[in-house]
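For reference, the structure is listed below as structure tokens.
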Amino acid sequence: MQLASWNVNSLKVRLPHLLQWLETNPVDLLGLQELKLTDENFPLTELEAAGYGAVFAGQKTYNGVAILYKKATMPEPVDVLVNLPSFPDEQKRVIAATFGDLRFISAYVVNGSEVGSEKFEYKKAWLDGLLKDCEGWLAQYPKLALVGDYNIAPDDRDVHDPKAWAGQVLCSDEERGRFNTLLGLGLVDSFRLFEQAEKTYSWWDYRMLGFQKNKGLRIDHVLLSKPLAEKCTASVIDRAPRKWEKPSDHAPAIATLSI
DNA sequence: ATGGCAGGTACGACCTGA
């Protein structure tokens, strides 16, 4: 089976890309972030026509997350949870659901704007809430996947210009420390289980020809609990849709599991 | 050092993203 994550930066604009991508990448579960639309505008009809069901938590203008599941291979979702129990939040950044014995979570971690800013404090507090809840989830669900836009580049290999980004938002010790704490709880960065090409990123700035110059960061991750990581046979980032007309600034991350 | 691009809101100019 395949588990994936994609920050689509407006599902309204990116629906054609999503449908096209699913045609060639019929993943079983897909976490989406930055829907930027309300629930009544969620394109459920179009996705169901493509063979996918969905659970979603939308929001006007900002944020919004969803989980798509392939109806042919996945059981119906149960125990749907929106947002973090440990961090009450108006912003829709987390959705979780159970498919059989697999707990799948799609997360849109706070950006943080600038180290030291109010939004950065919100990011740290939000991540602390995630860490707290994750500890409980891992105890409850041996097979757990936490995918999403983490807005954290875990180490310098994940940054096109580590010197320029040193200490900056997405790369600071405070953010990386929390990411490592997450790994310490028992999650595995599936991407690093395998040999990877250098300078593989998942996000490129729209400006300054970021993609053309490969000035990117790897901030979108598929994290797996150990029982799932043991079954993981591949983990890649698909740059292809970043080359399409009017792309999202993020590329999808995909893990393949032998289950 | 700065701004650059894109989406949304709403129809002018601003907010947010990373």
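Each chain gets a letter, A, B and so on, in the order the sequences are listed, and its residues count up from 1.
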| task | Could you verify whether a donor N or O on one side chain and an acceptor N or O on the other, from A/Gln59 and A/Thr38, lie under 3.5 Å apart? | result |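 Their side chains do not contain a donor-acceptor pair, so the 3.5 Å distance test is not met.
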Take atom [atom1] in [N] and the same atom in [M], then report the distance between them in whole Å.
N      : M      : atom1 : value
B/dC11 : B/dA1  : C1'   : 33 Å
B/dA10 : B/dC14 : C1'   : 11 Å
B/dA18 : B/dG7  : P     : 14 Å
B/dT2  : B/dG12 : C1'   : 24 Å
B/dG8  : B/dG3  : P     : 25 Å

| Is any side-chain N or O of A/Asn111 under 3.5 Å from a base N or O of B/dA18, one able to act as donor and the other as acceptor? |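 Indeed, a donor on one side and an acceptor on the other fall under 3.5 Å apart.
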| task | Calculate the interatomic distance between A/Gln168 atom CD and B/dA1 atom P; express it in whole Å. | result |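 Value for this atom pair: 11 Å.
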| field | Distance in angstrom units between A/Gln91 CD and B/dG17 C1', rounded | value |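 Taking CD of A/Gln91 and C1' of B/dG17, I get 12 Å after rounding.
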| request: Flag yes if more than 12 heavy atoms outside A/Glu40 fall under 6.0 Å of its CD atom; otherwise flag no. | output: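 Yes, the 6.0 Å shell around CD holds more than 12 heavy atoms from other groups.
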| A/Tyr122 side-chain N/O to A/Asn111 backbone N/O, donor-acceptor pair under 3.5 Å |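 Not a single qualifying donor-acceptor pair exists.
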Pick base, sugar-phosphate or nothing for [X], based on heavy-atom distances below 4.0 Å to the nucleic acid.
X        : value
A/Asp205 : nothing
A/Asn7   : sugar-phosphate
A/Leu209 : nothing
A/Tyr150 : nothing

| said: Is the distance from the ring center of A/Tyr69 to that of A/Tyr52 below 6.0 Å? | reply: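 Not close enough - the centres of the two rings lie 6.0 Å or further apart.
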| query | Of the nucleotides B/dG17, B/dA18, B/dG4, which one has an atom closest to the side chain of A/Arg93? | reply |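 Of the candidates, B/dG17 comes closest.
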| With sequence neighbours excluded, residues passing ring-ring contact (aromatic ring centres under 6.0 Å, His included) with A/Phe104 |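 Once residues adjacent in sequence are excluded, A/Phe104 has no partner under the ring-ring contact (aromatic ring centres under 6.0 Å, His included) criterion.
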| message | I need the A/Leu217 CG to A/Asn151 CG distance, nearest 0.5 Å. | response |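 Separation between the atoms: 9.5 Å.
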| message | Strictly below 4.0 Å, N to O, side chains only: are A/Asp173 and A/Arg178 in salt-bridge contact? | response |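 No salt bridge links A/Asp173 with A/Arg178.
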Please tabulate, one pair per line, each protein N/O and nucleotide N/O from nucleotides 6-9 of chain B that are separated by under 3.5 Å, including the distance.
| from | atom 1 | to | atom 2 | distance (Å) |
| --- | --- | --- | --- | --- |
| B/dG7 | OP1 | A/Arg14 | NH1 | 3.3 |
| B/dG7 | OP2 | A/Lys246 | NZ | 2.9 |
| B/dG7 | O3' | A/Ser10 | OG | 3.2 |
| B/dG8 | OP1 | A/Ser10 | OG | 2.4 |

